[in-house]
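Note that the structure is predicted; figures quoted are calculated from it, not measured. Just the heavy atoms: all of them, side chains too, but no hydrogens, waters or symmetry mates, feed the values below.
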Amino acid sequence: MATRATVKSGQLLLAEPFMIDPNFRRAAVLLCEHDVEGSLGLVLNKLTGMGINDVLTDMPPFDAPVHYGGPVHTDSLHFIHDVGDLLEDSLPVANGVWWGGDFENLKFLITSGLLEPHRIRFFIGCAGWSGGQLEEEMETGSWVISPMDANYAFNSAPAELWSQAMFNKGNRFEIIADIPEYVSWN
């Protein structure tokens, strides 16, 4: 009998390759919170086509794209970064990845040049699951758990992230990583 992976904060959830839901098709989701009451994650590999200065007018000039974090709370802005020691009130999520923090402190770090665009990711919305819902989706095979690596968040091209993380799991996942996104029957 195969052992089931335990779902916990700080992991990467990879959508199974044929997931139909367009919000999560080929999604790589960083699980930021997970407990009995529910789960919250951020889709790392879907861009909105907007920059942070398009979304926030009171932000210092900063050339950082905004990602689609998920279909929940689409009026909210989240961010992850690798400067947890410098950004007050940020929460560690995974090794080398922090979530949120004091926004005025964030603007100071940007203005002073202590935070460069490749070290932070902004998200509109998030992915959310009620208590037990994510475990149910795991039981039906909707998600594959992968270890989170800070390079996925800050150094991987969004279009390649899902395949890269799937390939890095090894074995049968290397084959899954090569499955074309849209298969046609010729």
I'd like to know if the side chain of Ser156 pairs up with that of Gln164 as donor and acceptor (distance under 3.5 Å, no hydrogens or angles considered). yes
Any Trp98 side-chain heavy atom under 4.5 Å of Asp89 side chain: no
Ser146 and Asn168: side-chain contact (heavy atoms from CB on, under 4.5 Å), yes or no, with the steps? CA-CA 9 Å; Ser146 177; Asn168 288 346; over 6 Å; no
Contacts of type side-chain hydrogen bond (donor to acceptor under 3.5 Å, both in side chains), residue Asn155, not counting sequence neighbours: Asn151
Do Asp54 side-chain atoms and Gly51 backbone N/O form a donor-acceptor pair below 3.5 Å? yes
Tell me every residue that passes side-chain hydrogen bond (donor to acceptor under 3.5 Å, both in side chains) with Thr140, counting only those two or more places apart in sequence or in another chain. Ser142
Rounded at 0.5 Å granularity, tell me how far NE2 in His67 sits from CG in Leu44. 7.5 Å
Do Tyr68 and Leu12 belong to the same hydrophobic cluster, where Ile, Leu, Val, Met, Phe, Trp and Tyr are linked whenever their side-chain heavy atoms lie under 4.5 Å apart, directly or via other members? no
Can you tell me how far the NE2 atom of His78 sits from the SG atom of Cys126, to the nearest 0.5 Å? 4.0 Å
According to a 4.5 Å side-chain heavy-atom criterion applied to Ile, Leu, Val, Met, Phe, Trp and Tyr, with indirect links allowed, do Val72 and Trp129 form part of one hydrophobic cluster? no
Of the non-hydrogen atoms in Ser90 and Gly84, which two are nearest, and what is the gap between them? OG-O, 3.3 Å
For the side chain of Lys8 and the backbone of Glu33, is there at least one donor-acceptor N/O pair under 3.5 Å apart? no
With a 6.0 Å cut-off (strictly less than), is the heavy-atom count around CD of Glu160, excluding the residue itself, greater than 12? no
Val43 versus Phe24: any side-chain heavy-atom pair under 4.5 Å? yes
Indicate whether the side chain of Asn45 and that of Tyr152 have a donor and an acceptor atom separated by less than 3.5 Å. no
Please identify each residue that fulfils ring pair (Phe, Tyr, Trp, His ring centres under 6.0 Å) with Phe154, with sequence neighbours left out. none
Return the CD to CZ distance between Glu16 and Arg25, rounded to the nearest 0.5 Å. 9.0 Å
Check: Pro71 main-chain N/O paired with Thr74 side-chain donor or acceptor under 3.5 Å: no
For Asp21, does the CG atom sit with more than 12 other heavy atoms under 6.0 Å from it, leaving out its own atoms? yes
Just so I know, are the side chains of Ile80 and Leu42 near enough to count as touching, which here means a heavy-atom distance under 4.5 Å? yes
Enter the distance from Arg26:CZ to Lys46:NZ here, rounded to the nearest 0.5 Å. 9.5 Å
Mind jotting down which residue pairs meet the salt bridge (Lys or Arg N to Asp or Glu O under 4.0 Å) criterion with at least one end in residues 109-137? Sequence neighbours excluded, please. Asp82-Arg119
Using the rule that Ile, Leu, Val, Met, Phe, Trp and Tyr join whenever any side-chain heavy atoms are under 4.5 Å apart, tell me whether Val93 and Phe123 fall into a single cluster. yes
Could you check whether any side-chain N or O of Asn95 sits under 3.5 Å from a backbone N or O of Ala150, counting only pairs where one atom can act as donor and the other as acceptor? no
Would you say the side-chain atoms of Gln11 pair up with the backbone N or O of Ala94, donor to acceptor, closer than 3.5 Å? no
Sort and list the pairs that fulfil ring-ring contact (aromatic ring centres under 6.0 Å, His included) and have at least one residue in residues 25-55, not counting sequence neighbours. none
Is there side-chain contact between Leu134 and Leu13, with at least one heavy-atom pair below 4.5 Å? yes
Can you tell if the side chain of Pro92 reaches within under 4.5 Å of the side chain of Trp99, non-hydrogen atoms only? no
Apart from Leu114 itself, what residues make up its hydrophobic cluster, given side-chain heavy atom links below 4.5 Å? Met50, Ile52, Val55, Leu56, Met59, Phe62, Val66, Leu77, Phe79, Val83, Leu86, Leu87, Phe103, Leu106, Phe108, Leu109, Ile110, Leu115, Ile120, Phe122, Ile124
Is the shortest heavy-atom distance from the side chain of Trp143 to the side chain of Leu14 under 4.5 Å? no
Output for pair (Ser9 OG, Asp35 CG), nearest 0.5 Å, gives 7.5 Å
